Amino acid sequence: MPSTATKIGNFTFDNCLMNAAGVYCMTKDELAEVEASAAGSFVTKTGTLEPRLGNPEPRYVNVPLGSINSMGLPNNGFNYYLDYVIELQNQPHTKNHFLSVVGLSVDETHKILQTIQDSDYQGLVELNLSCPNVPGKPQIAYDFETTTEILTKVFSYYTKPLGVKLPPYFDIVHFDQAAAVFNQFPLAFVNCVNSIGNGLYVDDEAVVIKPKNGFGGIGGDYIKPTALANVHAFYQRLKPEIKIIGTGGVKTGRDAFEHILCGASMVQIGTALQKEGVQVFERITDELRAIMEEKGYSSLEDFRGKLQYID
Ligand code: SIN
C-alpha cells in the first residue's frame with residue numbers, strides 16, 4: 001500500500017493530512033478527536049497571550065463553494081494549548097504536533113515565544129502571521145519590514161523548531177520579496193495559505209456574518225488555485241530545508257495530491273473538516289492512496305514538487 005508518511009525537519013508523521021488551525025482545535029476534546037483520527041498530526045487553535053472570546057456571532061458560515069469566517073481568534077489562551085501538547089508529548093506512541101500562537105502585539109508574540117522556549121515543549125510551533133479577522137490588526141505577513149523585524153528578534157532567543165502561517169500572496173514580485181525574507185531565517189516550514197482575507201459573501205440582499213459588516217476570510221473551493229500557487233511559488237523559491245505545508249481547498253484525495261505535487265510536505269484541511277468531521281481524514285487518505293497506486297507511486301517523495309510545465 002502506498003505510504004502517505006512525511007517529515008518536517010526531524011519530525012515524522014505517519015500521514016501527511018491534518019487539520020488547519022481554527023477547525024476542530026479549540027478545546028482539548030476536539031484536539032483529542034483529531035489525535036484519535038487518521039490524521040497524522042494536529043495543530044491547535046491559534047493561542048494568544050490571554051484567552052479571547054473572539055468576534056460576535058454569526059462568525060463562521062458554510063457557503064456553496066466553501067466558507068466565510070471572521071472568528072477573531074477566539075481561544076483559551078496559549079498556555080491551555082501549550083499544557084496539552086506537553087501532556088501529549090510525555091505520553092508513549094503520541095503523534096507530533098503543531099502549537100499555533102500569535103500575540104495581539106509584537107511584545108505579546110515575544111512573551112508567548114519566550115514562554116514556549118523556556119517550557120518543556122520540544123515540538124513544532126506555527127507562528128500565525130496571517131489572521132485577517134481581528135479588527136484594527138492587519139495581516140502581519142503582508143508587511144515585509146515588520147515580519148523581518150519580528151523574525152530577527154524571535155530567532156535571537158528562540159531555538160526550537162518554528163514555522164509561519166502565511167496569508168495568500170497574489171503577485172510574483174511579492175512571492176520573490178516574501179521568500180527573500182523567509183530565506184534569511186532558520187524556519188522549519190511555511191504554511192500556505194490562511195484564508196483569503198476580507199471577502200464578502202452576499203445572500204439575497206445581506207451579508208452572512210456579523211463582524212466587520214460581513215467581511216471575512218474565504219476558505220474552501222474558492223481558494224484552491226490560490227493556495228496551490230502559493231505552495232508552488234514558495235517551493236520554487238525557499239531553501240530546501242524550509243518545508244511547505246499546503247492548506248486551502250482540500251476536500252478530496254485529488255486536492256491533496258495537487259498540493260503535494262506543487263511541493264507540500266504536509267496538507268491541512270479546514271473547511272472540509274468543518275463540514276464533514278474527523279472521518280474526512282480517512283476518506284481523503286484512502287482517495288490519495290488510490291491515486292498514488294494508480295500512478296505507481298509508493299511514497300510522497302515520488303511526486304512531491306514534480307509539477308509538470310508546458311514547454
Ligand atoms: C480567526 O480566528 O479569525 C481565524 C484565524 C486565522 O485566520 O488565522
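Since the model is a prediction, treat every value here as computed from it, not as a measurement. Atoms within a ligand are numbered from 1 in the order they appear, just like the ligands themselves. Computed over heavy atoms, backbone and side chain alike; hydrogens, waters and symmetry mates excluded. If you read the sequence from its start, that first residue is 1, and numbering goes on from there.
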Asker: Once salt bridge (charged side-chain N to carboxylate O under 4.0 Å, His left out) is applied, do any residues pair with E108, and if so which ones, sequence neighbours excluded?
Answerer: none

Asker: Do the numbers put K28 on top of the ring of Y80, so that NZ or CZ is under 6.0 Å from the six-membered ring centre and no more than 45° off the axis?
Answerer: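 The answer is yes; both the distance and angle limits are met.
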
Asker: In order of chain and number, which residues sit within 4.0 Å of ligand 1 by heavy atom?
Answerer: K45, N69, M71, G72, L73, P74, N128, C131, P132, N133, N194

Asker: Can we call the ring centroids of Y84 and Y121 under 6.0 Å apart?
Answerer: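 No, the ring centres sit 6.0 Å or more apart.
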
Asker: Return each pair, listed once, that meets side-chain hydrogen bond (donor to acceptor under 3.5 Å, both in side chains) where at least one residue sits in residues 162-190; pairs must be two or more places apart or across chains.
Answerer: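 Only D176-R237 qualify under side-chain hydrogen bond (donor to acceptor under 3.5 Å, both in side chains).
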
Asker: Not counting sequence neighbours, list each pair that qualifies as a side-chain hydrogen bond (donor to acceptor under 3.5 Å, both in side chains) and has a residue in residues 8-20.
Answerer: T4-N15, N15-T285

Asker: So does A206 get a backbone contact from the side chain of D203, meaning a donor-acceptor N/O pair under 3.5 Å?
Answerer: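 No, D203 side chain to A206 backbone: no donor-acceptor pair under 3.5 Å.
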
